[in-house]
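In what follows, a single structure is set out as structure tokens and then discussed.
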Amino acid sequence: MGRRLLLEHDNVAGIETFDVYRKNGGYRSVEKALKSMSPELVLEEVQKSGLRGRGGAGFPTGMKWSFLAKPEGVPRYLLCNADESEPGTFKDRYLMEKIPHLLIEGMIVSSFALGANQSYIYIRGEYMWILDILEKAIAEAYDKGFLGKNILGSGFDHDLSVAPGGGAYICGEETALIESLEGKRGNPRMKPPFPAVKGLYGCPTVVNNVESIAAVVPIINDGGEEYAKIGLGKSTGTKLISACGNLVRPGVYEIEMGITVEEFIYGDDYCRGIANGKKLKACVPGGSSVPILPHYLVTKTAAGEDRLMTYESLADGGFASGSMLGSGGFIVFDEDQCIVRNTWNFARFYAHESCGQCSPCREGTGWMEKVLHRLEHGQGNLRDIDLLAEINKKIEGNTICPLGDAAAWPVAAAIRHFRDEFEWHVNEREESQKRNYGLIREPQSIA
Amino acid sequence: MSSSHTDLSKRHSEKPVFSAEKMAEVQVLFAQYPEGKSKSAIIRVLHMAEEEFGGWLSIETMDYVAEVFNIQPIEVYEVATFYTMFNLEPTGKYVFEVCRTGPCMLLGSDSIIDYIGTKLDIKVGETSADGMFTLKTSECLGACGYAPMLQCGKKYHEHLTKERVDEIITAYRAGQTPN
């Protein structure tokens with residue numbers, strides 16, 4: 001087991017309370033930052049840490065912070081994106097449920113760095129019981145003087161509150177989140193202007209994922225350079241991975257970036273292999289919108305090297321033979337699973353969640369769902385497989401926000417790697433309704 | 001807007017009004033936002049209104065929320081119809097929302113949905129004859145590692161099996177909240 005920076009105390013009894021959290025070293029980063037550092041120094045440490053956005057895109061957090069506009073007399077906002085909705089992802093939920101004060105601590109330090117006197121945690125509405133946990137913890141933090149006016153005598157004022165969503169995947173997109181927090185429908189905004197210039201209420205705003213904000217705490221406690229020593233290359237630090245699907249031991253794991261995928265799936269410290277003694281068929285390593293990998297590309301890259309749990313290694317081979325680390329929603333499929341059925345299931349998800357603002361996404365996701373539905377149910381024809389690719393091309397890059405791409409990529413990847421299985425659903429219609437296709441063979445040349 | 005809003009039998013006979021206690025809660029929410037930006041609290045207040053006024057948002061409820069915010073009713077309808085958590089039709093006392101997305105499907109959510117439907121003799125979207133349960137499906141609820149699962153109110157019921165579903169239904173029928 002590697003180092004645990006975020007979940008070190010997740011099993012300490014009472015860690016959700018201020019007192020126990022504090023006894024276990026909690027709120028040290030607030031003391032350190034507010035008493036001995038300037039906002040610029042905090043930013044510098046985050047930049048040195050190499051921390052990349054943990055929500056999915058992997059954009060360097062320090063750089064995102066450095067883009068924040070600071071016009072005189074205009075308030076700035078930090079928003080925490082706790083709208084965790086990407087299928088396969090349940091890591092932020094675990095962190096907030098278990099250690100709510102870690103997120104609050106990170107919000108205070110990050111807000112200090114950004115000069116934000118007000119911040120909000122936007123949490124998906126279905127996590128309403130976690131909202132209660134957070135509000136209880138926030139009340140404790142106010143009571144102990146870590147929130148409110150003149151925190152620890154530093155002169156820094158900060159207010160923090162929580163706002164629930166109402167059930168909309170799209171609100172995880174930062175401009176949709178902002179719209180929603182303004183009390184509107186979650187339709188993403190055109191960019192530019194970026195939120196760093198014009199965000200919440202038209203003011204400069206930073207939106208960060210729960211895990212990114214929590215990671216600021218160990219970065220300030222130990223220093224950015226220490227944090228950057230963990231991991232490999234541009235994938236620094238630790239990452240929460242939520243593992244699910246056909247695994248012996250699914251759950252949330254904090255890993256040091258750079259362990260092998262092999263160790264993560266089969267290692268005793270992690271998922272302990274495929275459930276019920278079955279074989280691995282495929283893996284979606286970063287949430288439903290990243291490309292699916294067939295079994296022979298999961299633990300090895302196309303070049304035959306070990307695949308690692310890093311942004312770079314999981315993307316090795318591009319879309320031809322790689323995928324993405326994404327949100328860390330790690331979905332594993334055993335040999336009995338049907339790729340066509342799963343592709344249809346994900347397509348249905350995106351069709352359901354498209355906000356409807358852009359025609360290519362609104363119409364395209366619906367068409368993909370319909371075409372995949374008929375392929376899965378033995379009513380498709382070979383032309384449909386190419387039709388999916390065509391619809392894909394019409395969505396990709398033609399929408400305001402990335403939901404269109406997120407819907408298109410998994411379908412494209414499934415067809416790329418599992419075309420045989422799609423064709424089998426057409427050529428062996430009746431058979432395909434009775435049994436699953438099983439494992440695919442490794443092609444002779446995959447490079 | 002759903003058809004229920006033109007069906008007079010499905011309307012509130014009395015105007016919904018928050019109690020003084022609830023209104024005080026609303027004021028606390030308003031104070032969390034800058035001057036003039038209280039509309040930011042609308043999703044939260046709609047959740048409150050749903051809970052207070054029968055588990056769904058009738059047109060009267062939405063019109064009342066518009067009054068509370070001092071905004072046009074259309075601004076409330078816009079929001080209420082966008083977010084899938086809001087019920088725009090009356091529901092049973094307990095609403096089961098079973099997650100049907102990929103990771104849950106891999107672990108048998110389809111058979112759980114069928115089982116609940118058969119047991120309660122309803123289809124997805126319907127309410128049991130005794131008015132106790134409504135069966136719905138939902139997209140990913142963030143419980144993928146503990147699949148299959150369903151949400152009922154604020155509660156997540158995870159690691160579902162048919163036996164577990166039986167226990168849950170029995171407990172709710174007896175007026176208890178299952179563990």
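Just so it is clear, the values below take in all heavy atoms, side chains as well, and ignore hydrogens, waters and symmetry mates. Below, read A as the first sequence line, B as the second, and so on, with proteins coming before strands; counting in each chain starts at 1.
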### Task
Please step through ring-ring contact (aromatic ring centres under 6.0 Å, His included) for the pair A:Y201 and A:Y77, ending with a clear verdict.
CA-CA 9 Å; A:Y201 312 130; A:Y77 294 101; 5.7 Å; yes
Please look at [X] and chain B and tell me whether the side chain, the backbone, both or neither of the residue comes under 4.5 angstrom of a heavy atom of that chain.
{"X": "A:E126", "result": "both"}
{"X": "A:N342", "result": "both"}
{"X": "A:L181", "result": "both"}
{"X": "A:R249", "result": "neither"}
{"X": "A:S242", "result": "neither"}
{"X": "A:L131", "result": "side chain"}
{"X": "A:C171", "result": "side chain"}
{"X": "A:T89", "result": "backbone"}
{"X": "A:Y169", "result": "neither"}
{"X": "A:L200", "result": "neither"}
{"X": "A:F346", "result": "side chain"}
{"X": "A:R185", "result": "both"}

### Message
Exactly one of A:I292, A:V340, A:T343 should register a side-chain contact (heavy atoms from CB on, under 4.5 Å) with A:F418. Which one does?
### Response
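Answer to the side-chain contact (heavy atoms from CB on, under 4.5 Å) test with A:F418 among A:I292, A:V340, A:T343: A:I292.
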### Query
Out of A:V332, A:I339, A:D334, which one pairs with A:K281 under the side-chain contact (heavy atoms from CB on, under 4.5 Å) rule?
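So, applying the side-chain contact (heavy atoms from CB on, under 4.5 Å) to A:K281 and each of A:V332, A:I339, A:D334, only A:I339 qualifies.
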Residue, of [options], that accumulates the most heavy atom pairs under 4.5 Å with chain B:
{"options": "A:C355, A:G186, A:G329, A:G356", "value": "A:G186"}
{"options": "A:S180, A:P75, A:A163", "value": "A:S180"}
{"options": "A:E182, A:E86, A:E353", "value": "A:E182"}

Among [options], residue most engaged with chain A (heavy-atom pairs, under 4.5 Å):
{"options": "B:G153, B:P103, B:S38", "result": "B:P103"}
{"options": "B:E97, B:E75, B:R44", "result": "B:R44"}
{"options": "B:L107, B:L141, B:V79, B:I42", "result": "B:L141"}
{"options": "B:K155, B:R100, B:Q151, B:M105", "result": "B:R100"}

#### Entry: A:T365 versus A:A407, closest heavy-atom pair with distance
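Heavy atoms only, the tightest pair is CG2-CB, 3.7 Å.
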### Message
For A:Y127, does the six-membered ring have the charged nitrogen or CZ of A:R124 within the cation-pi criterion, i.e. under 6.0 angstrom from the centroid and within 45° of the normal?
### Response
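Flagged: A:R124 positioned over aromatic ring of A:Y127.
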### Task
Go through the atoms of B:A41 and report whether side chain, backbone, both or neither lie under 4.5 Å from a heavy atom of chain A.
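Looking at B:A41, nothing touches chain A.
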### Heavy-atom contact with chain A under 4.5 Å, split by part of B:Y146
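Contact with chain A is through the side chain of B:Y146 alone.
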### Message
Parallel, tilted or perpendicular, judged at 30° and 60°: which one describes the rings of B:F96 and B:F133?
### Response
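Rings of B:F96 and B:F133: tilted, 30 to 60°.
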### Task
Identify whether the distance between the nearest side-chain nitrogen and carboxylate oxygen of B:K15 and B:D63 falls below 4.0 Å.
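A salt bridge is absent here (no side-chain N lies under 4.0 Å from a carboxylate O).
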### Message
Any salt bridge linking A:K98 with A:E254? Criterion: basic side-chain nitrogen under 4.0 Å from a carboxylate oxygen.
### Response
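Here A:K98 does not pair with A:E254 in a salt bridge, since their nearest N and O are not under 4.0 Å apart.
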### Query
Taking only residues at least two apart or on different chains, which pairs with a member in residues 169-179 of chain B satisfy side-chain hydrogen bond (donor to acceptor under 3.5 Å, both in side chains)?
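Residue pairs passing side-chain hydrogen bond (donor to acceptor under 3.5 Å, both in side chains), neighbours aside: B:H157-B:Y172.
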### Derivation of the side-chain hydrogen bond (donor to acceptor under 3.5 Å, both in side chains) call for B:W56 and B:E50
CA-CA 5 Å; B:W56 69 294; B:E50 198 174 74; over 6 Å; no
### Task
Answer with yes or no after comparing the ring centroid distance for A:F264 and A:F330 against a 6.0 Å cut-off, counting only values under it.
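Close enough - the centres of the two rings lie under 6.0 Å apart.
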### Query
Does B:H47 reach the side chain of B:M85, with side-chain heavy atoms less than 4.5 Å apart?
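B:H47 vs B:M85: side chains touch.
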